[in-house]
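Start at 1 with the first residue, then count along the sequence.
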Amino acid sequence: MNFAEVEAWVRANLPPPPAQVLEVGAGAGELAQSLRASGYDVTAIDPSSEVADVEPLALADLRRSELPFDAAVAVVSLHHVEPLEESVERLATALAPGAPLLVDEFDAAQLDERAAAWWLAQRRARGGDDSETPAELGPKMRAKVHSIELLVSVLSPWFEIGELERGTYLYRWHLDESVRPVEEELVARGELPLTGVRFIAQRRAR
């Protein structure tokens, strides 16, 4: 699913079209399609892709292009990438010096019991059959995904890491836009943590 505020952030930080953009973990390709419609030259990859517009390719298997990409986008995808270090090196070598890598991620370290309980309640209200308790969900997710600290550490030899921008994320996790205002209100009242994080990593000169 393509969320409007995510796309707005991506567009605000990409070089102008017709820049060549790599999208890592493109899913069903909605973001890539939207960017192409605006004149971007997008190569979208996802190892589990079943759609024509997204190559079924893991980042570690990305082929070196004669022309390096002008930018890359990774929306909630790097936390699943394996092998991480090899994949990040492949990504770095595919980008031109100075090219931005736009990273939008779920910060599982911030998924405390309050956030887990709220998210599970929203899921169950929609018929979800998630079996975890609030106490179980956070540790389960932290065991499944790479931490933000690890991602930053592995990216740092290749990229200059910009400021980490915290934001809401739970409404995007198998929920929908309708609960975004609720999540934002609870965060503003201090009743939920910020579980999303974004940053721009700039490719270092070779």
Are L78 and L150 in one and the same hydrophobic cluster, where Ile, Leu, Val, Met, Phe, Trp and Tyr link if side-chain heavy atoms are under 4.5 Å apart?
yes
Quick check: closest heavy atoms across R36 and D53, and the distance to 0.1 Å?
NH2-O, 3.2 Å
Are R126 and D176 ion-paired here, with the side-chain N under 4.0 Å from a carboxylate O?
yes
Could you state the interatomic distance from CZ (R124) to CG (D129), rounded to the nearest 0.5 Å?
9.5 Å
What distance separates T133 OG1 from K140 NZ, expressed to the nearest 0.5 Å?
10.5 Å
Donor-acceptor pairs are to be reported for all side-chain atoms of residues 184-196 against protein atoms at under 3.5 Å, with residues two or more places apart or in another chain.
| unit_1 | atom_1 | unit_2 | atom_2 | d |
| --- | --- | --- | --- | --- |
| E184 | OE2 | R180 | NE | 3.0 |
| R189 | NE | E191 | OE2 | 3.0 |
| R189 | NH2 | E191 | OE1 | 3.2 |
| R189 | NH2 | E191 | OE2 | 3.0 |

For residues 150-167, pull every pair meeting salt bridge (charged side-chain N to carboxylate O under 4.0 Å, His left out), keeping only residues two or more places apart or in separate chains.
D107-R166, E160-R204
Looking only at heavy atoms, which two atoms of A26 and D46 are closest? And how far apart?
N-OD2, 3.4 Å
Do V81 and F69 belong together in a cluster built from hydrophobic side chains that touch within less than 4.5 Å?
yes
Find out whether V21 and D41 are in side-chain contact, i.e. whether some heavy atom of one side chain is under 4.5 Å from a heavy atom of the other.
no
Judged by atom type as modelled, is there a donor-acceptor pair below 3.5 Å linking the side chain of E105 to the main-chain atoms of I148?
no
Applied to residues 9-25, the side-chain hydrogen bond (donor to acceptor under 3.5 Å, both in side chains) test, sequence neighbours excluded, yields E7-R11, R11-S34, R11-S38
Least distance between heavy atoms, E55 atom then R63 atom:
OE1-NH2, 3.0 Å
Smallest separation among heavy atoms of F159 and V88, with atom names:
CE1-CG1, 4.5 Å
Treat each ILVMFWY residue as a node, draw an edge where side-chain heavy atoms are under 4.5 Å apart, and state whether L14 and I45 are in one component.
no
Return the minimal non-hydrogen interatomic distance between V54 and A28, and the atom names on each side.
CG2-C, 4.2 Å
Point-to-point distance, once rounded to the nearest 0.5 Å, from OG1 of T93 to CH2 of W158:
7.0 Å
Could you note down all residue pairs passing salt bridge (charged side-chain N to carboxylate O under 4.0 Å, His left out) where residues 83-99 supplies at least one of them, sequence neighbours left out?
none
With a 4.5 Å cut-off on side-chain heavy-atom distances among I, L, V, M, F, W and Y, is there a chain of contacts connecting V73 to L62?
no
Working to the nearest 0.5 Å, report the span between CG of L170 and CD of Q110.
11.0 Å
Start with the C-alpha distance between H80 and H146, add both sets of side-chain angles, then the distance that settles side chain to side chain contact (heavy atoms under 4.5 Å, CB included), and finish with yes or no.
CA-CA 7 Å; H80 286 309; H146 301 312; over 6 Å; no
I'd like to check P47 versus L57 (side-chain heavy atoms, cut-off strictly below 4.5 Å). Are they in contact?
no
Donor-acceptor contacts, no H, no angles, side chain residues 97-104, under 3.5 Å, sequence neighbours left out:
| unit_1 | atom_1 | unit_2 | atom_2 | d |
| --- | --- | --- | --- | --- |
| D104 | OD1 | R172 | NH1 | 3.2 |
| D104 | OD1 | R172 | NH2 | 2.6 |
| D104 | OD2 | R172 | NH1 | 3.3 |
| D104 | OD2 | R198 | NE | 2.6 |
| D104 | OD2 | R198 | NH2 | 3.4 |

Applied to residues 162-206, the ring-ring contact (aromatic ring centres under 6.0 Å, His included) test, sequence neighbours excluded, yields F3-Y171, F106-Y169, F106-W173, W119-W173
Which heavy atom in A96 sits nearest to a heavy atom in P68, and how many Å separate them?
N-CB, 3.6 Å
Check whether any side-chain N or O of T168 sits under 3.5 Å from a backbone N or O of E183 as a donor-acceptor pair, and report yes or no.
no
Same apolar cluster (I L V M F W Y, side chains within < 4.5 Å links), V24/V197:
yes
Side-chain donor/acceptor of S87 to backbone N/O of L59, under 3.5 Å:
no
